[in-house]
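First the proteins, then the strands, lettered A, B, ... as listed; each starts at 1.
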There are 2 protein chains.
Amino acid sequence: MEYQEAKDKFISTWGSLGSLWGINKAMAQIQALLFISTKPLSMEDIMEELKISRGNTSMNLRQLMDWGIVTKTLVAGERKEFFTTEKDVQELARIVAKERSRREIKPVIKVLEEVSSIKNDGTEKSKELIKQTKALYELTETMDVMINKLVDQKQNWITKSVLKLFK
Amino acid sequence: MEYQEAKDKFISTWGSLGSLWGINKAMAQIQALLFISTKPLSMEDIMEELKISRGNTSMNLRQLMDWGIVTKTLVAGERKEFFTTEKDVQELARIVAKERSRREIKPVIKVLEEVSSIKNDGTEKSKELIKQTKALYELTETMDVMINKLVDQKQNWITKSVLKLFK
DNA sequence: TTAAACTTTCAGTAATTATTGAAAGTTTAA
DNA sequence: TTAAACTTTCAATAATTACTGAAAGTTTAA
């Protein structure tokens, strides 16, 4: 497999994986492109490489910046803006986990907590609702805490300890 | 909050969370409904409760069965089919993790492995592609292994050990 | 058998989500 | 200033995904 083929394959695979980590295809592809680029890329470069429009590029770059995955960089002597992505996968994982937790998981945990706290009127169906949502609440919260800690760079020794447990 | 309100809130929240665990809204809502039901439900019951069509119900139930989350049950003296979902959240998490791993993560790991194994022609861009996809490959695989082990019921003592590390 | 009770399939349609491209907005060099 | 170089916004449109409902298919009781 040659460079160009490998590159295309990587970008398209990573793009279609976007849904797995909660971002859209174009966003994921832009990130993938920056991730394997040896130098910052301009909007023009990205449009060209991925064959997407200026508007699309602009909007998705903004989203990536909102997530904290991509940053603008200045290139000496250039007027236009250039972009780079976080290159360290551990840090990338940390950012994604934190953001998804904040955007999606935390709000759900809140609802589960509310729902599982309704007044128990003694009926079977109320008891079941309370029991099941409470179980889901506890599981979701445990998972959320664990995933965040696992990817937290500052406590990265934990990953090693955890992996030891798996041996 | 009364029972009906809590129930509706739970179903709609769980439904919109579907994307997080890789299934569509109707699928997630059907599962949610079964999850808090005290008895098996028929297709009719589900259509009625969620206000969705027969076809939609049928297709999504089939998908839930494909995932192994929902099973048909016979109800004595009834001709039609009834459905139940796995009620244990730990087991549910295990099934979801295993299925997503198999359907989505494993194929990506395979591509990452392939791409990171291209011949190093010595150019800077090839080196970068290899380095970065290899890092992603290792991270993705580690995560995949860890998540599967963490939710694996049969090794559930690990969860406790891991939680101790977090204290 | 057969016909009633039930489930599945799928073409058509609706709803949602992503993308374009051109106009409006912003920045910078002269 | 101003005009060229660049970025953002957003209404229109395209692409994708989900849903409906009726016809076709299946099962079961008599």
Q: Assign each of B/Met59 and A/Glu81 to its nearest nucleotide of DNA chain D by heavy atoms, then name whichever residue's nucleotide is nearer the 5' end.
A: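 Nearest nucleotide further toward 5': that of A/Glu81.
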Q: Assess whether a salt bridge exists between A/Glu49 and A/Lys7, defined as any Lys/Arg side-chain N lying under 4.0 Å from an Asp/Glu carboxylate O.
A: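 Judged by the 4.0 Å cut-off on N to carboxylate O distance, A/Glu49 and A/Lys7 do form a salt bridge.
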Q: Among D/dT7, C/dT8, D/dT9, which nucleotide has an atom closest to any side-chain atom of A/Arg62?
A: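 Selected nucleotide: D/dT9.
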Q: Whole Å only: how far is the CE atom of A/Met47 from the P atom of C/dG21?
A: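 The answer, rounded to whole Å, is 9 Å.
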Q: What is the distance, to the nearest angstrom, from the CG atom on B/Leu74 to the P atom on D/dT27?
A: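 These atoms are roughly 14 Å apart.
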Q: Can you tell me which nucleotide in C/dT19, C/dC10, D/dC6 comes closest to the side chain of A/Ser53?
A: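 For the A/Ser53 side chain, the nearest candidate turns out to be C/dT19.
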Q: For B/Glu48 and C/dC6, give me the distance from atom CD to atom P, rounded to whole Å.
A: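 From B/Glu48 CD to C/dC6 P: 15 Å.
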Q: Run the salt-bridge test on B/Lys110 and B/Glu114 with the 4.0 Å N-O cut-off and return the result as yes or no.
A: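 Looking at B/Glu114 together with B/Lys110, the answer is yes, because their closest N to O distance falls below 4.0 Å.
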Q: Look at the side chain of A/Ser58 and decide which nucleotide, out of D/dC19, C/dT8, D/dT9, has an atom nearest to it.
A: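 Closest nucleotide to the A/Ser58 side chain: D/dT9.
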Q: Among the nucleotides C/dG21, D/dA18, D/dA5, which one has an atom lying closest to any side-chain atom of B/Asn24?
A: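 The listed nucleotide nearest to B/Asn24's side chain is D/dA18.
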Q: With a 4.0 Å cut-off on N to O distance, would you call A/Lys125 and A/Glu128 a salt bridge?
A: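 A/Glu128 and A/Lys125: not salt-bridged.
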Q: Counting Watson-Crick and G-U wobble pairs only, both distances under 3.5 Å, name the nucleotide matched with C/dT17, or none.
A: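 Answer to the pairing question: D/dA14, which forms a Watson-Crick or G-U pair with C/dT17.
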Q: Could you give the CG-to-C1' distance, from B/Leu61 to D/dC19, as a whole number of Å?
A: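 Checked: the CG to C1' distance equals 15 Å.
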Q: Side chains of A/Lys106 and A/Ser101: donor-acceptor distance under 3.5 Å anywhere?
A: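 Present: a donor and an acceptor within the cut-off.
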Q: Does D/dG21 have a Watson-Crick or wobble partner in any strand here, with both distances under 3.5 angstrom, and which is it?
A: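 Partner of D/dG21: C/dC10.
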Q: With respect to the side chain of B/Ile52, which nucleotide from D/dC6, D/dT8, D/dT20 is positioned closest?
A: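 Selected nucleotide (nearest to the side chain): D/dT20.
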Q: When you check the gap from the basic side-chain N to the acidic O, do B/Lys127 and B/Glu124 get nearer than 4.0 Å?
A: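 Salt bridge absent between B/Lys127 and B/Glu124.
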Q: Classify the nucleic acid contact of A/Asn56 as base, sugar-phosphate or nothing, counting any heavy atom under 4.0 Å across all strands shown.
A: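 Base: the residue A/Asn56, judged by heavy atoms under 4.0 Å, touches a nucleobase.
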Q: Atom CD1 of A/Ile23 and atom P of C/dT17: how far apart are they, to the nearest Å?
A: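 My rounded result for the distance is 16 Å.
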Q: Whole-Å distance between C/dG21 C1' and A/Asn60 CG?
A: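 A/Asn60 atom CG is separated from C/dG21 atom C1' by 16 Å.
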Q: Across all strands, who's sitting opposite D/dA30 as a Watson-Crick or G-U wobble pair, both distances under 3.5 Å?
A: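 C/dT1 - that is the nucleotide pairing with D/dA30, both distances being under 3.5 Å.
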Q: With a 4.0 Å limit, can you tell me whether A/Arg54 has a side-chain N or O closer than that to the phosphate oxygens OP1/OP2 of D/dC6?
A: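 So the side-chain polar atoms of A/Arg54 never come under 4.0 Å of the phosphate oxygens OP1 or OP2 of D/dC6.
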Q: Starting at NZ of A/Lys51 and ending at P of C/dT20, how long is that distance when rounded to a whole Å?
A: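 Value for this atom pair: 12 Å.
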Q: Would you indicate, yes or no, if D/dA4 has its OP1 or OP2 atom less than 4.0 angstrom from a side-chain nitrogen or oxygen of A/Arg79?
A: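 For D/dA4, OP1/OP2 do not have a side-chain N/O of A/Arg79 under 4.0 Å.
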